[in-house]
Amino acid sequence: MIKKYKLKAKKTKYDDILREFETYMAGEKKRCNNKCIFCFIDQLPKDCLRETLYFKDDDERLSFLHGNYITLTNLDDSHIDRIIKIRISPVNISVHTTNKNLRVKMMNNKRAGEVLGYIKKLAGNNIKINAQIVLCKNINDGKELDKTLSDLCELYPSMQSIAVVPNGLTKYREENNLYKLEPFDKSDCEKIIETVNKTGEENLKKYNSRLVYCADEFFLKAGIEIPDCEYYEGYPQYENGVGMIRSFCDDFYGNLEDFNKFVGDASPGVQCKKNNICSDLRDVEDAVPYRQTRKVALVTGEAAYCLIKTLTDDLVKKGGNLICEVYKIKNDFFGEEITVAGLVTGRDIINQLMPYKNNLGDELLIPSVMLRYERDLFLDNTSIEDIEKSLEIKVKIVENEAEDFIKKVLNYEQ
C-alpha cells in the first residue's frame, strides 16, 4: 500500500502561498532488499567508513529527484500506476540483464525477473527511462549483453539512454564471503566496447540515436581513444561516468584558448596533437609566460592520472613560472582493482605523499569527487584538516569543472 500524507496550512490574505518543508520526501527512504553479487556496499570493510555509506537505497523518489538508479524489486503495481499517473519521468533503472533467471541470480531476489515487465509497462505509457547495465565477467557479458541491449533498445524512444559500466571489485570481497568475481582485462574491455559500439551504430541507422554508451573506465583500461563529443549525444549518462573525460577535455581546452581571461595576457591559440586518451589533447607552444611564480601539487586516482598529467603539462606550458606536480594515488585501502579518483581515501593520500612532504609546494589540490557533498570528509572519515595537519600544507578543493581546475592551479581569484 502507498501511504498518503495530508498537509494542512493556513494563510492570511497577504501571505505567500509557498511553504518550505524540512524534507522533500514523506516517510523514510526505501532500503534495497536485493543482495546483488556485485554490490559495492557489501564489499566495504566493516564499520570503519562514514555511516551513511553503508545505507543501500532503492527509492523511486530519489531516482526522480537525484538521478539514483532503482531495481524495481521493492515496487508493486500500485507504485508503477502512480508513477504513470503523475508522470514521474525519467525513471532510472538498474537492469543488468533482461534474462529473468539470470537477473534473479545476479540480484538474489526472486522478484528480480518478474519486475522486468514493469519496464515495458512504463515505456508503453511514455515514461522516459535511463538504464544501466553493471557488467560482471562471464555472467552478463557476451551473448547475454547482446540480448539485453537488443531488448532495451526496442523500447526506444521511451528508452532514452543505456550505460554499460564495469563492476567495482574491492579487496574485501573474500573476507566478506561474497560471490567470486573476476576483473575485466584489456582484451575483455576491447570486446565490450566493440559490442556496445556495434549496437550504437545500428541504432544510429534505425533511430538516429546511438542510445547505448560505454563507461569511460572501459576505454581507459582498453587503451582506446575516448570518442568525440558527438558520440555522447548531450551526455545523458554523464553522472554514470560516461563521457566525463571527453566533456572535461573539451571544456579545458576551450578555456585554455582564452587563457588571458585568467592572467590578463594575450595568448596564442593552441594546436591539436594526437593522444591515446583524447584525440584533441593539445600541444601548447610558444606560450606567453604566466607571471606569478607558483608551485602546487595535485592528486588523482590511477585511472585518470595520464589525462590529468597531460592537462597540467599543457597548462604549465602556458604558465612559464608555474610548476604543478601530479601525484598518482594507488588505492591501498580498497585494493588495486579500484582506480577511480572518487574512491581514493584520505589516509592513502597522507601515506603516499608523506615522502614528498617538504617538496609539495604552496598548495595541495584535491578533486571534489574524493569528498562528500560538504567537501570536508573522505570516505574513510579523514578530514581536510587531517590532510593539512599531516602534510603541513594548505589544501584547496577543485570542483569537477575544467574552468575551476585552471583557476585553482593558477590561483586565480576573480
Side-chain angles (χ1 to χ4, degrees), residues 44-45 48-50 53 168 170-172 216-217 220-221 241 244-245 248 252 277 290 292-317 319 321-402 404-413:
L44 299 179
C48 65
L49 303 176
R50 298 199 310 264
L53 297 174
T170 80
K171 67 182 184 182
Y172 301 100
D216 293 357
E217 194 172 344
L220 292 175
K221 201 160 189 177
M244 280 188 171
I245 289 177
F248 194 90
F252 177 86
I277 301 175
Y290 175 54
Q292 180 184 3
T293 299
R294 176 169 167 78
K295 179 178 181 181
V296 295
L298 190 151
V299 294
T300 189
E302 291 183 284
Y305 172 76
C306 290
L307 168 69
I308 299 301
K309 184 70 168 64
T310 301
L311 299 184
T312 54
D313 285 350
D314 282 353
L315 186 53
V316 166
K317 290 177 184 178
N321 296 330
L322 172 67
I323 300 173
C324 183
E325 189 70 37
V326 182
Y327 291 90
K328 175 171 52 180
I329 304 299
K330 179 183 176 183
N331 205 316
D332 293 326
F333 186 87
F334 286 115
E336 61 182 12
E337 293 298 327
I338 304 299
T339 61
V340 296
L343 294 175
V344 169
T345 61
R347 69 186 71 175
D348 277 346
I349 293 175
I350 292 172
N351 293 340
Q352 293 176 41
L353 291 190
M354 191 60 71
Y356 311 100
K357 177 179 176 180
N358 298 322
N359 197 37
L360 294 175
D362 304 309
E363 291 178 333
L364 174 62
L365 306 182
I366 292 178
S368 61
V369 294
M370 295 181 180
L371 302 160
R372 69 174 181 174
Y373 179 80
E374 291 81 1
R375 305 296 192 262
D376 58 345
L377 290 177
F378 293 83
L379 292 170
D380 60 349
N381 273 320
T382 301
S383 68
I384 292 297
E385 289 74 18
D386 293 332
I387 301 285
E388 291 181 324
K389 183 177 179 181
S390 298
L391 298 176
E392 298 180 6
I393 191 171
K394 178 178 175 56
V395 170
K396 272 191 178 179
I397 309 303
V398 181
E399 298 301 326
N400 191 32
E401 300 170 356
D404 193 61
F405 173 77
I406 295 173
K407 286 180 177 179
K408 294 296 172 57
V409 172
L410 297 178
N411 196 31
Y412 172 79
E413 299 293 341

* Could you walk me through whether Glu401 and Lys408 pass the salt bridge (Lys or Arg N to Asp or Glu O under 4.0 Å) test, one step at a time? => CA-CA 11 Å; Glu401 300 170 356; Lys408 294 296 172 57; over 6 Å; no
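- Annotation: side chain to side chain contact (heavy atoms under 4.5 Å, CB included) contacts of Val340 (sequence neighbours excluded): Glu217, Leu343.
- For Lys357, the NZ atom sits in a packed shell: over 12 heavy atoms of surrounding residues, nucleotides or ligands are nearer than 6.0 Å.
- A side-chain donor-acceptor contact under 3.5 Å links Arg294 to the backbone of Val409.
- Note that the CG atom of Leu307 and the CE atom of Met244 stand 12.5 Å from one another [nearest 0.5 Å].
- Checking side-chain atoms of Glu388 against main-chain N and O of Val395 turns up a donor-acceptor pair under 3.5 Å.
- Of the possible polar contacts, none joining the Asp313 side chain to the Thr310 backbone as a donor-acceptor pair under 3.5 Å is found.
- The shortest heavy-atom contact between Asp376 and Leu371 is C-CD2, 4.3 Å.
- Between Phe405 and Phe248, the ring planes are perpendicular. Angles over 60° get that label, and only those under 30° would be called parallel.
- Gln352 is linked by a side chain to side chain contact (heavy atoms under 4.5 Å, CB included) to Ile329, Lys330, Asp332, Asp348, counting only residues two or more places apart in sequence or in another chain.
- Legend: residues meeting salt bridge (charged side-chain N to carboxylate O under 4.0 Å, His left out) with Lys295, ordered by chain and number and at least two apart, are absent.
- For the ring-ring contact (aromatic ring centres under 6.0 Å, His included) test, no residue two or more places apart in sequence or in another chain qualifies with Phe333.
- A search for side chain to side chain contact (heavy atoms under 4.5 Å, CB included) contacts involving Lys171 returns nothing, not counting sequence neighbours.
- Partners of Arg375 under the side chain to side chain donor-acceptor pair (under 3.5 Å) rule, at least two apart in sequence or in another chain, are Glu399.
- The heavy-atom pair separating Arg347 from Asp380 by the smallest distance is NE-OD2, 2.9 Å.
- Under the 3.5 Å distance criterion, the side-chain polar atoms of Thr312 are matched with a main-chain donor or acceptor of Lys309.
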